[in-house]
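To start, the structure under review is shown below, and the notes come after it.
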Protein chains: 2
Amino acid sequence: MTGRRHDPDRRSRIIDVCLDLIAEVGVAGVSHRKVAAAADVPLGSMTYHFAGMDELLREAFGRFARAGSDGFEQRMSEATDLESARAAVVAIITQDVFGTQRDLVLTHELYTLASREPAYRELTNAWMARSRAALERHFDPVTARLLDALIEGLTIHRALDTEAPQPGTVTEAVRRITTPA
Amino acid sequence: MTGRRHDPDRRSRIIDVCLDLIAEVGVAGVSHRKVAAAADVPLGSMTYHFAGMDELLREAFGRFARAGSDGFEQRMSEATDLESARAAVVAIITQDVFGTQRDLVLTHELYTLASREPAYRELTNAWMARSRAALERHFDPVTARLLDALIEGLTIHRALDTEAPQPGTVTEAVRRITTPA
DNA sequence: CCGCGTTACGTACGGTCGTACACATCGCCC
DNA sequence: GGGCGATGTGTACGACCGTACGTAACGCGG
């Protein structure tokens with residue numbers, strides 16, 4: 001039971017390093033050998049800890065999705081009224097969950113996998129469900145759904161657009177979407 | 001006797017087949033050999049027609065982006081007033097540009113590349129610029145920008161969400177975004 | 001009809017990949 | 001202390017990869 005020689009978080013570290021590597025070279029460029037080298041573990045550790053590349057990828061993106069979801073919920077839970085809820089959504093879009101280039105790239109990689117393979121779609125579905133639930137604490141279901149889509153779209157634009165976005169644009173979009181007829 | 005010798009559209013066919021293959025197995029799963037087999041051309045044709053994998057991918061996604069852009073412009077050009085412009089946007093989201101699973105997957109693959117490599121970001125930027133210009137024929141610049149983001153977001157949700165979307169949701173979203181204070 | 005440049009192809013090479021599997025190293029129990 | 005499972009590692013194998021390059025098939029001016 002106690003027989004662990006070294007490095008109890010090795011498995012977890014491999015997963016983290018794998019995410020970093022994906023952000024850098026893409027899922028396409030990741031290999032057992034590169035992850036092993038980056039995590040400074042022997043190649044044999046890869047097959048020892050993970051049944052195959054799929055298992056590693058699924059665990060890595062599972063962790064990533066859960067982390068994003070947690071940040072989202074946290075941010076929304078701090079809002080108390082309509083105005084602060086709107087502000088929370090703006091914060092999520094402009095600085096929070098996808099603030100870094102790393103997270104933006106990882107999000108796209110995950111979506112790409114999800115668009116083709118059902119196993120990954122479960123991850124994105126769970127993520128979207130949690131986001132919507134968090135939004136529904138402050139908005140009606142239809143608005144929550146639309147907001148969720150808007151967040152997605154504005155995030156992507158922020159990721160790909162080269163020209164800097166207007167500061168008030170996001171605020172304006174959130175205001176319009178959260179203003180029913 | 002070796003047939004095939006003269007085949008003027010070969011290069012073009014390779015590009016099309018490459019897109020199909022990407023949709024099926026992802027950029028990660030594409031190789032010169034697989035494309036050659038799928039297009040029924042010898043392996044040597046790959047290096048003959050394309051300097052390398054990058055060139056093939058860039059041409060393929062260039063064609064894809066231009067096709068999507070064309071459809072977008074066409075659809076918007078048919079609108080004559082505010083109401084028909086709104087309807088055109090709804091049509092784009094729900095049935096048109098990303099109507100097929102193939103196109104959805106390809107869009108994500110392109111975004112993933114663009115999020116990491118500037119060469120592909122030029123493609124997505126040109127695409128987004130054309131979309132915005134088409135929208136600005138009917139909407140003010142800020143609204144056009146927001147609409148563009150909304151289209152992106154709703155499209156992604158349509159792609160990944162398993163549960164069927166409410167029919168009126170998209171219409172409602174477009175109405176809200178295109179209704180300034 | 002004949003060279004001959006252009007176009008296109010077949011193949012072979014060096015490299016990276018995932019993974020299996022023999023083997024080393026440890027803690028524990030007797 | 002000595003065997004013995006459990007835990008972890010090093011390495012080798014076969015598959016697949018991109019690409020370079022020698023060579024064959026063609027069109028055409030002479």
Side-chain angles (χ1 to χ4, degrees), chain A residues 1-62 109 112-113 116-117 119-120, chain B residues 1-63 109-110 112-113 116-117 119-120:
Chain A
M1 215 50 166
T2 52
R4 220 189 277 107
R5 270 186 305 188
H6 281 66
D7 214 357
D9 343 306
R10 169 167 294 188
R11 192 169 194 279
S12 182
R13 198 175 72 249
I14 290 174
I15 294 174
D16 284 335
V17 165
C18 180
L19 281 174
D20 287 340
L21 204 58
I22 292 170
E24 195 183 334
V25 300
V27 170
V30 167
S31 69
H32 276 161
R33 282 171 167 84
K34 287 179 189 169
V35 175
D40 193 33
V41 300
L43 177 59
S45 262
M46 292 293 123
T47 37
Y48 180 73
H49 287 292
F50 303 93
M53 200 49 143
D54 278 352
E55 183 176 319
L56 174 55
L57 282 181
R58 231 160 320 119
E59 292 220 30
F61 279 113
E109 293 279 357
T112 299
L113 288 174
R116 193 170 25 248
E117 293 180 44
Y120 294 93
Chain B
M1 274 307 89
T2 45
R4 290 259 164 258
R5 197 67 197 171
H6 192 53
D7 188 0
D9 315 325
R10 166 166 299 186
R11 190 168 195 282
S12 182
R13 197 175 70 251
I14 290 173
I15 294 175
D16 285 335
V17 166
C18 180
L19 281 174
D20 288 339
L21 204 56
I22 291 170
E24 196 183 333
V25 299
V27 169
V30 167
S31 69
H32 276 160
R33 283 171 165 84
K34 286 180 188 169
V35 175
D40 193 33
V41 301
L43 176 59
S45 263
M46 293 293 124
T47 36
Y48 179 72
H49 287 292
F50 303 93
M53 199 50 144
D54 277 352
E55 183 175 320
L56 175 55
L57 281 182
R58 233 164 314 121
E59 291 220 31
F61 278 113
R63 174 174 297 187
E109 293 279 358
L110 174 56
T112 299
L113 288 174
R116 191 169 26 246
E117 293 181 43
Y120 294 94

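Per chain, numbering begins at 1; letters A, B, ... match sequence-line order.
Donor-acceptor pairing under 3.5 Å is recorded for the side chains of B/Ser12 and B/Arg63.
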Audit row: A/His49, A/Leu56, side chain to side chain contact (heavy atoms under 4.5 Å, CB included) steps and yes/no: CA-CA 9 Å; A/His49 287 292; A/Leu56 174 55; over 6 Å; no
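Regarding contacts with the backbone of C/dC17, a side-chain N or O of A/Ser31 is found under 4.0 angstrom from either OP1 or OP2. Phosphate proximity of D/dT19 to B/Thr47: absent, as no side-chain N or O sits under 4.0 Å from OP1 or OP2. Phosphate contact (OP1/OP2 of D/dT9, side-chain N/O of A/Arg10, threshold under 4.0 Å): present. The phosphate of D/dT19 (OP1 or OP2) has a side-chain N or O of B/His32 nearer than 4.0 angstrom.
Using a 4.5 Å heavy-atom threshold, the side chains of B/Arg116 and A/Glu109 count as touching. Counting only heavy atoms from C-beta outward, the side chains of B/Val30 and B/Lys34 never approach each other to under 4.5 Å.
Atom CZ of A/Arg13 and atom P of D/dG8 are 13 Å apart (whole Å). Rounded to whole angstrom, the span from the NE2 atom of B/His49 across to the P atom of C/dT6 amounts to 17 Å. Between A/Leu21 atom CG and C/dC17 atom P the separation is 11 Å, expressed in whole Å. Rounded to an integer number of Å, the gap from B/Phe50 CZ to D/dA20 C1' is 18 Å. A straight line from CZ of B/Arg33 to C1' of D/dC17 spans 6 Å, rounded to a whole angstrom. For A/Leu43 and C/dC21, the CG to P distance is 16 Å, given to the nearest whole Å. One interatomic measurement links the two molecules: CE of B/Met53 to C1' of D/dC17, which rounds to 10 Å at whole-angstrom precision.
Checking D/dT19, D/dT9, C/dC9 against the side-chain heavy atoms of A/Pro42 singles out D/dT9 as nearest. Of the candidate nucleotides D/dC17, D/dT9, D/dA12, D/dC17 has the atom lying nearest to any side-chain atom of B/Lys34. Of the listed nucleotides (C/dG10, C/dC13, D/dG8), D/dG8 has the atom at the smallest distance from the side chain of A/Tyr48.
For the pair B/Glu24 (side chain) and B/Asp20 (backbone), a donor-acceptor distance under 3.5 Å is absent.
Within the 4.0 angstrom heavy-atom criterion, no nucleotide atom of any strand lies near B/Met46.
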